[in-house]
> 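Can you read through this structure? Questions will come right after.
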Amino acid sequence: MTERAPLTILAIAGSLRDGSLNKAAAAAAVANAPPGITVQLAEIGDIPLYDQDVQDAGFPASVTELGGRIEAADAVLFVTPEYNYSVPGVLKNAIDWVSRLSPQPFAGKAAGIMGVSPGNLGTARAQYHLRQIGVFLDLHFLNRPEVMIGQAGSKFEDGRLTDADTIERIQALLSALGEWSQRLDQTAEAPAGLAAAS
Ligand SMILES: Cc1cc2nc3c(=O)[nH]c(=O)nc-3n(C[C@H](O)[C@H](O)[C@H](O)COP(=O)(O)O)c2cc1C
């Protein structure tokens, strides 16, 4: 029997700081990925502010590299804080740059979201804004499970996610996202199969 290659999920964190809770949650996804799934970390800290003059002169290497990694991944996982009830500028900026690549790497891609905040709502408002952005990008966001990690002060220690329930929720999200990416692949292949059968 041939063994399936592990599914690759590219995690894009929406915070740049070293002590980021969201980067720590992304690291927990890497460390606790279920069998058959590999989580990789994207880098967005080197991406300049979007400027069409810069684009016209040539896409920065940091943007084309990110686009290539998104293209190569089976799914993307946004791990983002909420800033002023929305998506942080650094993440929106990275998305805006990548959206100008052709072909546009987010199009048709499976995507998931999770986020961490010290407050109660666990980035709920930012997550729904990100889903709205995904409509134009033709991202296919997984609906459930929603992973909104609030009250982070009690769930992280020394820069690491230590809360067992939260780690389980992240694993459930990764499993569901892996299955979702496979379902989308099958759907993309279906028309040819149907045509051959008729
Ligand atoms: C500019 C700014 C805006 C923020 N707005 C919100 C907000 O709307 N909702 C919220 O829950 N937390 C907000 N916060 C607090 C962040 O949730 C908190 O700083 C969080 O730790 C940032 O994520 P990180 O640890 O991954 O860097 C804001 C923080 C900053 C710096």
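Numbering of ligands and ligand atoms starts at 1, following listing order.
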> Find all atoms of ligand 1 within a distance of less than 4.0 Å from any non-hydrogen atom belonging to Asn22, and give their numbers and elements.
23 (O), 24 (P), 26 (O)
> Going by the side chain to side chain contact (heavy atoms under 4.5 Å, CB included) test, name the single residue among Val79, Leu174, Asn22, Thr123 that passes it with Met114.
Val79
> Check ligand 1 against Ser117 and write out every atom of the ligand that is under 4.0 Å from a heavy-atom position of the residue.
11 (O), 17 (O)
> Give me the residue, atom name and distance of the protein heavy atom closest to atom 8 (O) of ligand 1.
Tyr85 N, 2.8 Å
> Met148 versus Leu121: any side-chain heavy-atom pair under 4.5 Å?
no
> Would you say Lys23 and ligand 1 have an N/O pair spaced under 3.5 Å apart?
no
> Can you tell me the protein heavy atom closest to atom 22 (C) of ligand 1 and the distance?
Pro81 CB, 3.8 Å
> Would Ser86 count as a polar contact of ligand 1, with the cut-off being nitrogen or oxygen pairs under 3.5 Å?
no
> Looking at atom 13 (C) of ligand 1, what's its closest protein heavy atom, distance included?
Glu82 O, 3.1 Å
> Under 6.0 Å from the CD atom of Glu157, do we count more than 12 heavy atoms belonging to anything else shown?
no
> Is it true that, when you exclude Asp56 itself, more than 12 heavy atoms of the residues, nucleotides or ligands shown sit nearer than 6.0 Å to its CG?
yes
> Tell me which protein heavy atom sits closest to atom 18 (C) of ligand 1, plus the residue, atom name and distance to 0.1 Å.
Pro118 CD, 3.8 Å
> Aromatic rings Phe141 and Phe78: how do their planes relate, parallel, tilted or perpendicular, breaks at 30° and 60°?
tilted
> Pick out which of Val54, Leu66, Leu49, Ile44 makes a side chain to side chain contact (heavy atoms under 4.5 Å, CB included) with Trp97.
Val54
> Look at atom 26 (O) of ligand 1 and say which protein heavy atom is nearest, naming residue and atom and giving the distance to 0.1 Å.
Ser20 OG, 2.6 Å
> Atom CG of Leu177 and atom CD1 of Ile9: how far apart are they, to the nearest 0.5 Å?
4.0 Å
> To which protein heavy atom is atom 25 (O) of ligand 1 closest, and what is the distance rounded to 0.1 Å?
Arg17 NH2, 2.7 Å
> Quick one: look up the protein heavy atom nearest atom 5 (N) of ligand 1 and list residue, atom name and how far away it is.
Asn84 N, 2.8 Å
> Considering all heavy atoms of both residues, which atom of Thr166 and which atom of Lys155 are nearest to each other, and what is their separation?
OG1-CD, 3.7 Å
